[in-house]
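This report concerns only the one structure given below.
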Amino acid sequence: MSELYTKLSDAVVAMKADDVKQLAQQVLAEGLAPEQAIEQGLAAGMNRVGELFAAKEYFVPEVLVCSRAMYAGFDILKDHVVEGAINNKGTIAIGVIDGDFHDIGKNIVKLMLEAAGFRMIDLGKNVTLDRFSEAVDRENPRIIALSTLMTTTMDSMLEITAKLLQKKPDLKVIVGGAPVDTDFAESIGAHFYGGDARAAVIGAHQLLGLSLEA
Amino acid sequence: MTKLRENREYTVLLNPDGREIKVQKGQNLRSALASAGIFFPQNCTGKGKCGHCRVLFETELPPVQKREAELLGEHTDYRLACLQHIQSDCEISIPRLQEWRIEKNIRDFDFAGRVSRSFGIAIDLGTTVIAFYLADFSQGIITEQYSVLNPQVHQGGDVMTRLTLARKPEQREALTASVRQGLTDGIKKLLATAQIAVDSISTVSLAGNTTMLHLLLGRDGEGLEIAPFRSPLEGRKKLVLDPAWIGLSARTKCDLFPVLTGFIGGDTTAAIIAADMDLPEGHRLLIDLGTNGEIVLTANGDILATSTAAGPAFEGVGMAAGMPALQGAIEGISDEGDPFVIGGGEPVGYCGSGYISTIAYLHKAGIIDKTGLIRQDHENIRRWTPIPQSRQDLYLTQDDVRKFQLAKAAIAAGIEILCEQAGLDPAQLDEIIVTGSFGNRVTPKSAVAVGLIPDIPIEKITFMDNAAGRGALLCLGNSHFVRRAADLPGKVKVVNLGDHSNFQDIYVANMSF
Ligand code: B12
Ligand code: FES
């Protein structure tokens, strides 16, 4: 592995967007594979950021600054990636359920899953069952991720989960947000509960039988 | 035919006062304590999530559940009352339980100019506490004040829980009945103490948040509990309360404060009146610090209001050593790092103002950095305590600081956005008035230091005890104030933070110190 990849990863963790840009240019100048730089540099960096976030060493602002650094590098590298060379780990549709508009947690979860190599379909907030259903038809995701922060809305996750599983029995449903927990996830027939964005990444890998290391 | 008494009864002995409580076999300990009048002021209403109902078992420890063990951490001698079902006689003591000080007393209130021979009652109908103030118009004074727990707390701790319950008609009826009963009992008690007859009450003025009013009036949430959080009551100048519902004679005139939206209710409109926020003078900010933080800004002739969700962290809920502002709570930290303890004795936990002050102190000392990271490492666990030798459980943890950051940034972002909408630089504020259940104990210096409120000269920051109650008192038998209150729905511009395109960036930027 090129030493540049390690440097890229470190620069993401250190929140240094300018360094990331410069290193990304260097990757191109040296003729290295941009897809490897993305996976082993940028994504690996974000993976470490996720760990720091889960350990509460980094907080929301730091995660966002790191992600900006990552995207600064990604924007430079993405046009040089050979079609299909980046391994897409699967499609995940994510949304905050109907009646709730708290979307910051969902945004962080989406960001981490995207950085980990999943193709993300962001349905936004206040998402009705119909809109989740449409997304399942249209995008054929392997996972649906449901978020809510309110006790007044969480119960409708039961119906959403049941209806979506009826439609697509091999779909995996992961849930999260402050009032939700493992017991609740089990009780509504969801496959996984994640307490934070890092847990979402771990859960998505587990459910699809993927290894986190790749 | 008498039923066989197969239901065994056990005795729970409460130390140190030696009180005995009879409990049915298998009964939940938290609800058994509640029926004996003992409850845990701030809690997660028995979901086993907050750890506030912890009790120390002095007899044989019942088995611990997984979630219980997680919440209790090092306190292995404790159990959570809400997760325990009594299977034998036992002895317990409750470390964080005391006579809950729920007084919301108002000092120095003057009814100058209102002379009449009758009485009036001002009521602050809060989610947790109901405060009653009996005004004697002939003397121009508050003759009696009385605060009591809102009996609905036994049905559900926070408004969201109660609104969820209220979706079922029987539960809604029970909630309505219990709040009306609470009001009836409170008024009765007030009248008995003052030795006056119910007929002499000419007027009542009641301030309650939107949820409280819905339930009082016999309505369910009607959707106010989900986005976009609107209430059919909003904008109505006149809300009608039948005096008979709260044990008053038909002649009593009842004025309810109008609501502005689902989460800016009559408590806020009352506070607006108390703080004169509807008079277009100067640049002034009113903050009601609580689980739901309402913020009102008067600037450049406009009145803007918003509600932001701090969550219960400021009330100590969900924090490792959090507790209400009771005896034993650390309510502040000196410049040298020594704790100020309410009542002066041994500290048992932190209340909201204690967290604000401690975090301000630690930030200044460089122990908490700009990002909120505790830089001092104890056995790889990031935490800090003012008294390392004595109490092992008085730590401020990294997780506490993170929760605190979420809460303070929600208030700060609300303030920033209101100022932005009014085209005002926060530094230009002439006055900031802080009110709310724990507002009184916060020092302006620490609130500014943690970035909770804008950095303006300390002397421009004032505290008002129970602004909602004061507003209700002002409107008692005073048609001028009643009219001012009724006009608010047309005057105040509601700003919905959820609709702001840039909320996330502003919120996140305010998380740092
Ligand atoms: C920020 C915030 C807001 C913002 C929302 C902005 C937005 N666009 O999201 C604003 C200020 C607008 C807001 C408004 C309201 N809010 Co609010 N809000 C919060 C607050 C303070 C923080 C939430 C947050 O963003 N956290 C940061 C993110 C990063 O964390 P997170 O959301 O928990 O997400 C993480 C995990 O949960 C997990 N996760 C999340 N989703 C998912 C999904 C999956 C699949 C997985 C695996 C994991 C996962 O991973 C995330 C990252 O690690 C919380 C209290 C709190 N401390 O949590 C209250 C809170 C959620 N709000 C609450 C309420 C009630 C409201 C209001 C409806 C009423 C009010 N004023 O209090 C209002 C709306 C009123 C109105 N419109 O007038 C309540 C809900 C209570 C309940 N019992 O339901 C809370 C809990 C506060 C409280 N206790 O009162 N709020
Ligand atoms: S009330 Fe028991 S844990 Fe919250």
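Numbered from 1 within each chain, the chains take letters A, B, ... in sequence-line order.
Within 6.0 Å of the NZ atom in A:K16, the count of heavy atoms belonging to other residues, nucleotides or ligands does not exceed 12. Heavy-atom neighbours of B:K168 NZ from other residues, nucleotides or ligands within 6.0 Å: at or below the threshold of 12. More than 12 heavy atoms of other residues, nucleotides or ligands sit less than 6.0 Å from atom CZ of A:R198.
Between atom CG of residue A:D183 and atom NZ of residue B:K66 there is a gap of 7.5 Å, rounded to the nearest 0.5 Å. Taking CD1 of A:I108 as the start and CD of B:Q504 as the end, the distance is 6.5 Å to the nearest 0.5 Å. To the nearest 0.5 Å, the span separating CE on A:M15 from OG1 on B:T371 amounts to 7.0 Å.
Residues of residues 93-101 of chain A lying under 4.5 angstrom from chain B, judged on non-hydrogen atoms, are A:G99, A:D100, A:F101 by number. At a heavy-atom cut-off of under 4.5 Å, chain A is reached by B:E225, B:I226, B:A227, B:F229 from residues 223-231 of chain B, listed in order of number.
For A:L64, the part lying under 4.5 angstrom from a heavy atom of chain B is the side chain only.
Scanning all heavy atoms of the two residues, the minimum distance from A:K125 to B:G498 falls at NZ-O, 3.6 Å. Closest approach of A:K56 and B:Q398 over heavy atoms only: O-CG, 3.5 Å.
Ranked by heavy-atom pairs shorter than 4.5 Å toward chain B, the options A:V60, A:D103, A:I104 are led by A:I104.
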